[in-house]
K.L.:
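Have a look at the structure that comes next, please.
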Amino acid sequence: QAEDGIRDHCVTGVQTCALPISMEAFLSIRTHFAAAHRLAREELSQSENEAIYGKCARVHGHGHNYLLEVTVRGPIDGRTGMVCDLAALQHVVQELVVEPMDHTFLNKDIAYFASCVPTAENIALHIADLLQGPIAAIGARLHKVRLQESPNNAAEVFAETPQLGMVPTALEALATP
């Protein structure tokens, strides 16, 4: 460690990079999937659902081409210069999110959404819950999940906050006046 706060990283005697001590970085990847959903609560009538969710409550649902951005955070490895293995991160997102959700009807094909309304916010929260452990296993921390549902709206979940892991009933309790 040098006196100027810069650490020299050496691997087998070869200097690689000089990084500030404890330097962290964010790494983001983007991918996409197509899925259909219906925004409605079973205990409400169709007219009540339409009052809350508008045309998104239509009985047969509708689809979106979702754009998913996953951001991780961690120290920059002095040897590789990376926060984590990019290929491993892409593989985790592909296997845990894209493959299971692509070309599905979320309400019917993804068990979590049988009892949780698949809003963009809830989908992003579910994706964050799915990814947090596997991303930690590859040496990074999940920072943010951004799910763009259309050109007009997107949901962002910051996974480093304590709200992660809440169950739908807890979310309902927060919404109750």
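Scope of the values below: all heavy atoms of this structure, side chains included, with no hydrogens, waters or symmetry mates.
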K.L.:
When hydrophobic residues are tied together by side-chain contacts of less than 4.5 Å, even through go-betweens, does Phe105 share a cluster with Ile127?
P.N.:
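Looking at the clustering, Ile127 is in a separate group from Phe105.
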K.L.:
So, for Asn49 and Leu44, which heavy atoms are closest and what is the spacing to 0.1 Å?
P.N.:
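So the minimum-distance heavy-atom pair works out to ND2-O, 3.4 Å.
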K.L.:
Dump the intermediate steps for side chain to side chain contact (heavy atoms under 4.5 Å, CB included) on Val145 and Leu68, then the final yes or no.
P.N.:
CA-CA 7 Å; Val145 170; Leu68 173 64; 3.7 Å; yes
K.L.:
If you look at every heavy atom in Ile123 and His37, which pair is closest and at what distance?
P.N.:
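The pair with the smallest heavy-atom distance is CD1-ND1, 4.4 Å.
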K.L.:
If the condition is side-chain contact (heavy atoms from CB on, under 4.5 Å), which residues does Asn65 pass it with, not counting sequence neighbours?
P.N.:
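For Asn65 the side-chain contact (heavy atoms from CB on, under 4.5 Å) partners, ignoring immediate neighbours, are Ala34.
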K.L.:
Can you list the residues that meet the side chain to side chain donor-acceptor pair (under 3.5 Å) rule with Thr31, with sequence neighbours excluded?
P.N.:
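Thr31 satisfies side chain to side chain donor-acceptor pair (under 3.5 Å) with no residue once adjacent residues are dropped.
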K.L.:
Could you pull out all residues at least two apart from Glu99 that satisfy side chain to side chain donor-acceptor pair (under 3.5 Å)?
P.N.:
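Testing Glu99 for side chain to side chain donor-acceptor pair (under 3.5 Å), a comparison that skips the adjacent residues, returns Gln94.
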K.L.:
ring-ring contact (aromatic ring centres under 6.0 Å, His included): which pairs involve residues 68-90, sequence neighbours left out?
P.N.:
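Checked against ring-ring contact (aromatic ring centres under 6.0 Å, His included) - neighbours excluded - no pair reaches residues 68-90.
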K.L.:
For Ser47, check side-chain contact (heavy atoms from CB on, under 4.5 Å) against everything at least two apart and list the hits.
P.N.:
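In terms of side-chain contact (heavy atoms from CB on, under 4.5 Å), with neighbours along the sequence ignored, Ser47 is linked to Ser45.
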K.L.:
If we ignore hydrogens and angles and just use 3.5 Å, is the side chain of Gln46 paired with the main-chain N or O of Ala57 as donor and acceptor?
P.N.:
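Yes, Gln46 side chain to Ala57 backbone: donor-acceptor pair under 3.5 Å.
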K.L.:
Atom CZ of Arg141 and atom CD of Gln132: how far apart are they, to the nearest 0.5 Å?
P.N.:
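Answer rounded to 0.5 Å: 10.5 Å.
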K.L.:
What closest approach, in Å, do Val117 and Ala40 show between heavy atoms, and which atom pair accounts for it?
P.N.:
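In this case the closest contact between Val117 and Ala40 is CG2-O, 3.6 Å.
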K.L.:
Verify the cluster assignment for Leu39 and Leu147: are they in a single hydrophobic cluster under the rule of side-chain heavy atoms below 4.5 Å apart?
P.N.:
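Shared cluster, no.
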K.L.:
Go through the structure and list residues passing ring pair (Phe, Tyr, Trp, His ring centres under 6.0 Å) with His32, not counting sequence neighbours.
P.N.:
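Scan of His32 (ring pair (Phe, Tyr, Trp, His ring centres under 6.0 Å), adjacent residues dropped) gives none.
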K.L.:
What pair of heavy atoms forms the shortest contact from Leu142 to Ala128, and how long is it?
P.N.:
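Heavy atoms of Leu142 and Ala128 come nearest at CD2-O, 3.5 Å.
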K.L.:
For residues 51-60, which residue pairs qualify under side chain to side chain donor-acceptor pair (under 3.5 Å), counting only residues two or more places apart or in two chains?
P.N.:
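Pairs touching residues 51-60 that pass the test: none.
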K.L.:
Quick one: do Leu106 and Met101 satisfy side chain to side chain contact (heavy atoms under 4.5 Å, CB included)? Show the steps, please.
P.N.:
CA-CA 7 Å; Leu106 295 172; Met101 291 189 185; 4.2 Å; yes
K.L.:
Counting only pairs under 3.5 Å, give me each side-chain donor-acceptor contact of residues 82-92, with atom names and distances, residues two or more places apart or in other chains.
P.N.:
unit_1, atom_1, unit_2, atom_2, d
Asp85, OD1, Ala87, N, 2.9
Asp85, OD1, Ala88, N, 3.2

K.L.:
Any idea which heavy atoms bring Pro100 and Val97 closest together, and the distance?
P.N.:
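Heavy atoms only, the tightest pair is CD-O, 3.3 Å.
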K.L.:
Run the side-chain contact (heavy atoms from CB on, under 4.5 Å) test against Gln148 and tell me which residues pass, sequence neighbours left out.
P.N.:
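In terms of side-chain contact (heavy atoms from CB on, under 4.5 Å), with neighbours along the sequence ignored, Gln148 is linked to Leu67, Arg146, Ala154.
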K.L.:
Just how far is it from atom CZ of Arg38 to atom SG of Cys56, taken to the nearest 0.5 Å?
P.N.:
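Arg38 CZ to Cys56 SG: 11.0 Å, rounded to 0.5 Å.
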K.L.:
Let me confirm one number: the CD-CZ distance from Glu69 to Arg30, rounded to the nearest 0.5 Å.
P.N.:
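Those atoms lie 4.5 Å apart.
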K.L.:
Listing request: all salt bridge (Lys or Arg N to Asp or Glu O under 4.0 Å) pairs with a residue in residues 102-127, at least two apart in sequence or in separate chains.
P.N.:
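For residues 102-127: none.
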K.L.:
For the residue pair Tyr66 and Phe33, categorise the inter-ring angle as parallel (less than 30°), tilted (30 to 60°) or perpendicular (more than 60°).
P.N.:
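Parallel.
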K.L.:
In the hydrophobic clustering that connects Ile, Leu, Val, Met, Phe, Trp and Tyr at side-chain heavy-atom distances below 4.5 Å, which members other than Val59 occupy its cluster, ordered by chain and number?
P.N.:
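Result for Val59 is none, singleton.
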K.L.:
Tell me which pairs pass ring-ring contact (aromatic ring centres under 6.0 Å, His included) where either residue lies in residues 121-143, with sequence neighbours left out.
P.N.:
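Residue pairs with at least one partner in residues 121-143: Phe26-His143, Tyr112-His126, Phe113-His126, His143-Phe158.
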